[in-house]
Number of protein chains: 2
Amino acid sequence: MNNRPPLEVAEVNDTPWLSTEQQRVWRAFLGGSTVLMDQLDRDLRQAHSLSMSEYEILVRLSEAPDRSIRMAELAAQVAHSRSRITHTIARLEKAGMVARGQCSTDGRGVTAVLTDHGFAVLAEAAHTHVRGVHTYLVANATAEEFEALGRIMERITGQLGGRSF
Amino acid sequence: MNNRPPLEVAEVNDTPWLSTEQQRVWRAFLGGSTVLMDQLDRDLRQAHSLSMSEYEILVRLSEAPDRSIRMAELAAQVAHSRSRITHTIARLEKAGMVARGQCSTDGRGVTAVLTDHGFAVLAEAAHTHVRGVHTYLVANATAEEFEALGRIMERITGQLGGRSF
DNA sequence: CGCACTTGATTGAAAGTTAAACCACCAGCT
DNA sequence: AGCTGGTGGTTTAACTTTCAATCAAGTGCG
């Protein structure tokens, strides 16, 4: 059971394996996207003590009518579990960036509302974030490549988008 | 301080903002890659009780000479902190998939070695994983798009690749 | 209405990750 | 040999995320 060819290249049963080239791209994606996200996260933390996911939440809130979104909806938008949103909002609330409100139309509904302070922090952080996206991603792609990236990712989201947590 | 245009579109100071189109692509990437990774992770867990990062470690080990890699080198390959590798390897060791060995050339060096059981688990899991990559990613891109993806991600890794943890 | 059933959100504990302190060993220098 | 500084790895505690249980409020139906 020892002298097989490297796993990812072997041809086994009915599983369609990856070509060497496909594998190269896949690994580039794996490595590249982690390195990219880690860098954006690090930048945000250093400059504004915000994690990437906290930042994303603030962005969504800032764009919503009344700067407020219901917990479940927020969870769906950023693809986190409800539980995680509860905890994260609790932290952001403690930091004074978000407040909780009752939903008017549904007795159990809770809405997260971006405070003025939260908005101010976001306005600062956005500079850091956008600069990062530019220099780490946009600058590393031609217009066509960038467009291609968008198309691929949109199809993936279309295929896997609606999920249960 | 209330009636500004949406944050990500406004033009402020010297920060080069993102065009609406760039923003669309960036969000697609953000959403698409999380949804993709989540799905691959979920598949792996359900079928083989392995997380994506555990799987990646097993893959690296399986490809290395003697199926063993030193801790620090492993950490670098999968872009995790040393500490995280220590913990993860401890878990994999408890599960009997990896063993620890002393490094011959360096007294403090510790090597992680893939056991036969670990290899067997990996051989199973690889089917699940590869099938996932195919149906979620490869199938959602033309050959050109796929190539473009590879180029972008390789450039990013080139720019950000060597990091400290 | 009264019942079962689902959904929205929170809770608390377990699991995983990060951050910082720590120990052991290597390397270079005097 | 004896210092000194740096690297490899583990440990501990703090923090974040997940998992399962819980509770409250909505919905549908006899």
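A, B, ... follow the sequence lines: proteins, then strands. Residue 1 opens every chain.
DNA chain D is contacted by both T105(A) and H87(A); H87(A) maps to the nucleotide lying nearer its 5′ end (nearest heavy atom per residue). Map C103(A) and R45(A) each onto its nearest nucleotide of DNA chain C; the residue landing nearer the 5' end is C103(A).
When rounded to the nearest whole Å, the span between CD of E73(A) and P of dG8(C) equals 11 Å. Computed from coordinates, the Q46(A) CD to dT18(C) C1' distance equals 15 Å when rounded to whole Å. Per the geometry, CE belonging to M37(A) stands 14 Å off P belonging to dT18(C), to the nearest Å. In this structure, E93(A) atom CD and dT11(C) atom P are separated by 10 Å, rounded to whole Å. The distance from atom CG of D38(B) to atom C1' of dT18(D) is 12 Å, rounded to the nearest whole Å. In this structure, CD1 of I85(B) is placed 10 Å from P of dT18(C), rounded to the nearest angstrom. Atom-to-atom, CD of E54(B) to C1' of dG16(C) comes out at 10 Å; the value is rounded to the nearest Å.
Here the nucleotide nearest the side chain of S53(A), chosen from dT10(D), dA9(C), dT17(D), is dT17(D). Closest approach to the S83(B) side chain among dG8(D), dT12(D), dT17(D) is made by dT12(D) (side chain taken as heavy atoms from C-beta onward). For R70(A), whose side chain is taken as the heavy atoms from C-beta onward, the closest listed nucleotide among dT17(C), dC26(C), dG8(C) is dG8(C). For T88(B), whose side chain is taken as the heavy atoms from C-beta onward, the closest listed nucleotide among dG8(C), dT17(C), dT17(D) is dT17(C). In the set dG8(D), dT10(D), dA9(C), the nucleotide with an atom closest to the side chain of A72(B) is dG8(D). Nearest nucleotide to the side chain of R82(B), out of dT16(D), dC26(C), dT10(D): dT10(D).
Under 4.0 angstrom from either OP1 or OP2 of dA15(C) there lies no side-chain N or O belonging to R91(B). In this structure, R108(B) does not reach the dG9(D) phosphate: none of its side-chain N or O atoms is under 4.0 Å from OP1 or OP2.
Taking the six-membered ring where the residue is Trp, W17(A) and H127(B) present perpendicular rings, their angle passing 60° and hence far from 30°. Taking the six-membered ring where tryptophan is involved, the planes of Y55(B) and H129(B) are tilted, since the angle between them lies from 30° to 60°.
Using a 4.0 Å heavy-atom cutoff across all strands shown, R100(A) reaches sugar-phosphate atoms only and no base atom.
Electrostatic pairing of R45(A) and D41(A) counts as a salt bridge here, judged by a charged N lying under 4.0 Å from a carboxylate O. For the pair D106(A) and R70(A), the salt-bridge criterion is met [side-chain N within less than 4.0 Å of a carboxylate O]. Salt bridge absent: R60(B) and E54(B) never bring a charged side-chain N and a carboxylate O closer than 4.0 Å.
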